[in-house]
Amino acid sequence: MNGSVTGGNSDKWCTLTADRWLEVDLGEARSLTRFVVRHAQAGGESAAFNTRDFTIQVRSAASEEWKTAVTVTGNTAATTTHPVTLTARHVRLSISKPTQNTDPAARIYEFEAWGR
């Protein structure tokens with residue numbers, strides 16, 4: 001899995017665990033300007049499976065505490081874009097409500113960190 005919208009249903013990050021999160025190590029601290037999350041509908045699934053509530057957290061070193069950069073509640077969109085101005089090496093998408101209904105599976109097709 002590399003998490004691409006064009007890869008179809010088999011090319012997504014999907015989990016049923018109670019702690020629904022994914023972390024990306026950018027290799028070094030980078031200046032970031034936005035995050036883009038492509039939810040279930042962006043990958044061709046039902047809009048009912050779009051991630052409803054989530055946070056994006058950052059830190060510059062694995063030994064640091066996570067800092068919340070983005071908090072989203074009540075999302076219904078297939079793709080969400082979140083402008084930021086920060087520097088981080090580690091980025092984590094943490095999902096508290098994975099869908100619009102009671103389905104427990106989190107489905108993310110792409111999680112993008114953009115910067116300079």
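Computed from a predicted structure; not experimentally measured.
Contact check for T80 versus V36: no side-chain heavy atoms found under the 4.5 Å cut-off.
When atom types are taken as modelled, the side chain of S46 and the backbone of A48 share a donor-acceptor pair closer than 3.5 angstrom.
With sequence neighbours left out, E23 forms a side-chain hydrogen bond (donor to acceptor under 3.5 Å, both in side chains) with H90. Among residues two or more places apart in sequence or in another chain, the side chain to side chain contact (heavy atoms under 4.5 Å, CB included) test is passed with A88 by L32, V58, L86. Looking at residues two or more places apart in sequence or on another chain, you find a side chain to side chain contact (heavy atoms under 4.5 Å, CB included) between A105 and C14, L16, D103, R107.
With salt bridges taken as basic N to acidic carboxylate O contacts below 4.0 Å, one links R38 and E110. Between E112 and R34, none of the side-chain N atoms (NZ, or NE/NH1/NH2) sits under 4.0 Å from a carboxylate O, so this pair counts as no salt bridge.
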ask   = Can you check side chain to side chain donor-acceptor pair (under 3.5 Å) on N101 and T99, steps first, answer last?
value = CA-CA 5 Å; N101 52 36; T99 62; 3.0 Å; yes

ask   = Run the side-chain contact (heavy atoms from CB on, under 4.5 Å) check on I56 and R92 step by step: do they pass?
value = CA-CA 6 Å; I56 299 173; R92 179 167 71 175; over 6 Å; no

task = Before giving the answer on side-chain contact (heavy atoms from CB on, under 4.5 Å), spell out for F54 and L93 the whole-Å C-alpha distance, their side-chain angles and the decisive distance to 0.1 Å.
result = CA-CA 7 Å; F54 60 95; L93 175 66; 3.5 Å; yes

task = Let me see the working for R116 and S31 under side chain to side chain donor-acceptor pair (under 3.5 Å), right down to the final yes or no.
result = CA-CA 6 Å; R116 296 177 221 129; S31 178; 3.2 Å; yes

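At most 12 heavy atoms of other shown residues, nucleotides or ligands fall within 6.0 angstrom of atom CG in D19.
Using a 30° and 60° split on the angle between ring planes, F35 and F111 fall in the parallel class, below 30°.
In this structure, I95 CD1 and T55 OG1 are separated by 9.0 Å, a value rounded to the nearest 0.5 Å. To the nearest 0.5 Å, the span separating CH2 on W66 from CD on E64 amounts to 10.0 Å.
Residues S94 and Q57 share a closest heavy-atom pair of CB-OE1, 4.1 Å. Nearest heavy atom pair, residue N50 against residue T76, reads ND2-O, 3.0 Å. Nearest heavy atoms, H39 versus I108: ND1-CD1, 3.9 Å. Shortest non-hydrogen contact noted between R89 and S60 is CB-O, 3.4 Å. Among all heavy-atom pairs drawn from P98 and R20, the shortest one is CG-NE, 3.6 Å. When all heavy atoms of R59 and E65 are compared, the pair lying nearest together is CB-O, 3.7 Å.
With hydrophobic clusters built from ILVMFWY side chains whose heavy atoms lie under 4.5 angstrom apart, L26 shares a cluster with W13.
Of the candidates V72, N75, D53, T73, K97 forms a side-chain contact (heavy atoms from CB on, under 4.5 Å) with just one, namely D53.
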